[in-house]
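To start, the structure under review is shown below, and the notes come after it.
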Amino acid sequence: MITELSEQEAIRRESLKELEKAGINPYPAEAFEVNVTTAEIHAAFPSDNSLFQEISIAGRIMTRRIMGAASFVDLQDSTGRIQLYVKRDEICPGEDKSLYNTVFKRLLDIGDIIGVTGYVFITQMGETSIHVKSLKLLSKSLRVLPVVKEKDDQVFDAFSDPEARYRQRYVDLIVNPEVREVFIKRSQIINTMRSFFNERGYLEVETPILQPIPGGAAARPFITHHNALDIPLYLRIANELYLKKLIVGGFDGVYEFARDFRNEGMDRTHNPEFTVLEIYVAYKDYFWMMDFTEQMLERVALALHAKTAVQVGDRTIDFKAPFRRLTMSDAIKEYAGVDIAGKTEDEIRAFCKSLNIETTPSMGKGKLIDAIFGEKCEEHLVQPTFITDYPIEMSPLCKRHRSDPELTERFELFVNGKELCNAYSELNDPIDQLDRFQQQLELSKKGDDEAMFIDMDFVRALEYGMPTCSGMGIGIDRLTMFMTNQPSIQDVLFFPQMRPEKKATPAGDADEAFLAAGVPEAWIPVLRKYGFKSVAELKAANPNKLLNDLGGLRKKMKLDIPALKLEEIQAWVSA
RNA sequence: CUCUCCGUAGCUCAGCUGGUAGAGCAAAUGACUCUUAAUCAUUGGGUCACAGGUUCGAAUCCUGUCGGGGAGACCA
């Protein structure tokens with residue numbers, strides 16, 4: 001684990017030892033009392049100088065400006081930053097000035113976490129600051145933080161490498177304050193929605209993530225295995241069927257913020273695991289749900305921005321209810337210029353050809369219509385728009401339209417050309433439901449590998465009777481991208497999925513090979529430094545010379561590991 | 001999966017048509033008791049992602065691998 005340390009990391013580890021020698025615990029166990037945050041000081045101090053005369057505050061050292069016997073430090077806590085004024089004779093009132101001269105100036109670094117006491121004042125340059133009376137190290141930082149500087153709203157040397165930011169999000173959060181803001185807003189979005197539901201008496205529930213049948217959506221699942229039951233289990237792709245079983249069970253409204261998993265491609269709008277809210281409300285239909293959805297989104301926008309207009313890229317999106325409503329057939333008429341109403345599969349296939357849309361024989365009527373819509377319409381739906389009345393083949397869980405048996409009572413909400421919500425008047429006819437599942441089976445025989453599985457327990461539940469019901473699902477990650485103006489899903493997930501980091505395998509053999517030959521772990525980096533990259537090279541060496549050279553190297557590098565014996569080295573070479 | 005750009009010090013980046021690496025910040029040492037991208041002086045810090053190839057000589061040219069960004073294909 002401890003490979004080559006950089007010069008600065010080695011210096012920090014030395015400082016750590018010196019601190020311990022001086023009797024300072026770099027990682028003390030006891031609590032440090034904090035009685036104020038930087039945000040509270042900045043909010044109240046300038047108007048009332050009598051406040052904050054005895055404060056205790058903790059945070060991370062972000063930058064220092066040392067001028068001999070006095071210094072300024074920028075301290076960052078969870079709410080922001082404040083400047084500290086550290087004066088030698090203030091923190092070292094007696095003869096012994098080592099706390100300032102040695103500990104503060106030499107042994108502390110940017111990145112260390114400290115606690116201070118003192119009082120708030122305003123410097124001659126007009127900056128609200130803390131006059132430090134005592135200072136205590138709370139945690140020593142051994143790694144070097146990127147130092148981001150700022151002047152007149154211009155940022156210098158920003159920590160910007162996406163790979164490093166996503167892999168080491170903690171560093172990103174420390175040095176890039178706007179990143180923290182995105183995630184605070186994400187939490188606000190979820191809280192606003194939760195209040196909206198709870199005020200109406202709906203119940204927050206939890207349903208299985210490990211499912212024997214991955215139902216409720218069309219997607220490729222992750223498969224895992226349960227040892228005790230000796231059965232395959234799937235990570236859920238949706239929770240729709242379970243929530244509807246709860247409506248059967250007698251709840252009037254249930255919702256879940258669910259983590260779903262889909263074993264499909266990754267790009268800037270798709271992560272293998274993502275968060276979806278699904279809500280089901282008894283005795284409602286999809287018209288009711290449209291009203292509900294637009295009110296919910298308007299409220300989220302207001303909660304975050306205090307207005308309904310939200311900046312997304314170079315566009316302004318207005319979440320003020322009501323949103324435009326358009327049937328799918330009208331949308332295709334408007335944007336593709338063809339009328340699909342009452343047309344056969346062959347006629348629609350011909351439309352696709354005339355519009356230069358690729359088709360395959362396995363595509364049914366529903367997929368063909370969806371292809372036209374996807375190619376020609378979606379990109380135009382910038383302002384929030386409900387697209388309604390989808391063809392029946394695409395919606396096996398959705399109630400047939402009350403006035404057209406070819407269609408379903410379904411809507412999707414499009415924002416900025418992307419799908420955001422999906423909702424139905426839920427299908428509660430168990431015979432129709434089984435029939436639709438069987439049609440899915442036919443599709444899958446035709447080669448559609450994402451047709452739905454049949455969940456017989458769900459059909460059985462419907463046979464007991466489910467009230468009329470409307471359900472809606474909304475992608476929380478996508479919603480957060482819109483509401484916080486982030487172009488990539490990776491920017492709204494703390495830890496987006498990444499390929500595993502491989503430590504650059506040094507030329508020659510891996511550590512394991514050296515260990516297998518009997519070399520103690522601590523000596524492996526030494527051998528590499530000495531020039532042995534592989535076990536084979538090691539075996540070719542003269543054990544006596546090795547003993548001498550390695551002993552010398554141990555002294556030179558001041559290594560804190562036991563000296564080697566000739567027999568040990570002979571064992572490696574002959575192993 | 002395809003195309004494309006990228007990978008150099010802890011961070012942000014230079015490095016030309018090939019000649020064994022530079023800057024700013026950060027760090028070390030020193031000066032400085034109201035600075036704020038603090039300032040001034042001195043110094044150290046590199047497996048140029050990895051592996052091959054071409055060449056007298058490769059950070060640079062070529063091939064492959066790994067990792068990342070972007071675009072597309074596929075996909076809700």
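Here is how names work: the chains are called A, B, and so on, in the same order as the sequence lines, proteins then strands, and each is numbered from 1.
- Atom P of B:A9 sits at a distance of 12 Å from the matching atom of B:A14, rounded to the whole Å.
- With hydrogens and angles disregarded, no donor-acceptor distance shorter than 3.5 Å links the side chain of A:Arg262 to the backbone of A:Glu273.
- Taking atom P in both B:U4 and B:U65, the straight-line distance is 14 Å, to the nearest Å.
- Under the 6.0 Å distance and 45° angle rule, A:Arg64 counts as a cation-pi partner of A:Phe104.
- The aromatic rings of A:Phe183 and A:Phe494 sit parallel to each other, their planes meeting at less than 30°, with 60° as the upper class boundary.
- Within the 4.0 angstrom heavy-atom criterion, only backbone atoms of the sugar-phosphate kind lie near A:Ser6; the bases stay farther away.
- The P atoms of B:U29 and B:G22 are separated by 25 Å, rounded to the nearest whole Å.
- Look at the C1' atom in both B:G46 and B:C11: the space between them is 15 Å, to the nearest Å.
- Using a 4.0 Å heavy-atom distance criterion, A:Ile66 is classed as a base contact.
- At a threshold of 4.0 angstrom between heavy atoms, the contacts of A:Glu150 are confined to the sugar-phosphate backbone, with no base atom among them.
- When heavy atoms are screened at a 4.0 angstrom cut-off, A:Arg88 is found touching no nucleic acid atom at all.
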Under 3.5 Å, which protein N or O atoms sit close to an N or O of nucleotides 6-8 of chain B? Give each pair with its distance.
none

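- Aromatic ring centres of A:Phe52 and A:Tyr119 lie farther apart than the 6.0 Å criterion allows.
- Regarding A:Ile11, its CD1 atom lies at a distance of 11 Å from the C1' atom of B:U43, rounded to whole Å.
- Along RNA chain B, the nucleotide nearest A:Arg499 and the nucleotide nearest A:His270 are compared for position; the residue whose nucleotide lies closer to the 5' end is A:Arg499.
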Checklist outcome for this item: Given Watson-Crick and G-U pairs under 3.5 Å, RNA chain B in dot-bracket ([ ] crossing, | other strand) is (((((((..((((.....[..)))).(((((.......))))).....(((((..]....))))))))))))....

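- The aromatic rings of A:Tyr85 and A:Phe72 sit tilted relative to each other, their planes meeting at an angle between 30° and 60°.
- Taking atom C1' on both B:A31 and B:G69, the two are 45 Å apart, rounded to the nearest angstrom.
- A:Gln83 contributes a side-chain N or O that forms a donor-acceptor pair with the base of B:U35 under 3.5 Å.
- Residue A:Phe159 is classed as a sugar-phosphate contact, given heavy-atom separations below 4.0 Å to backbone atoms only.
- Sorted by first and then second residue, the ring pair (Phe, Tyr, Trp, His ring centres under 6.0 Å) pairs involving residues 149-171 of chain A (not counting sequence neighbours) form an empty list.
- Here B:A28 is the nucleotide among B:U35, B:U29, B:A28 with the atom lying nearest to any side-chain atom of A:Asp109.
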Item to check | Residue pair A:Thr269, A:Met481: steps toward the side-chain contact (heavy atoms from CB on, under 4.5 Å) verdict | outcome: CA-CA 9 Å; A:Thr269 57; A:Met481 288 167 64; 4.1 Å; yes

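- Nucleic acid contact class of A:Ser160 (heavy atoms, under 4.0 Å, all strands): sugar-phosphate only.
- Between A:Tyr280 and A:Tyr255, the distance separating the two ring centers is not shorter than 6.0 angstrom.
- Rounded to whole Å, the C1' atom of B:C61 lies 29 Å from the corresponding atom of B:C1.
- For the C1' atom pair drawn from B:A26 and B:G45, the interatomic distance equals 11 Å after rounding to whole Å.
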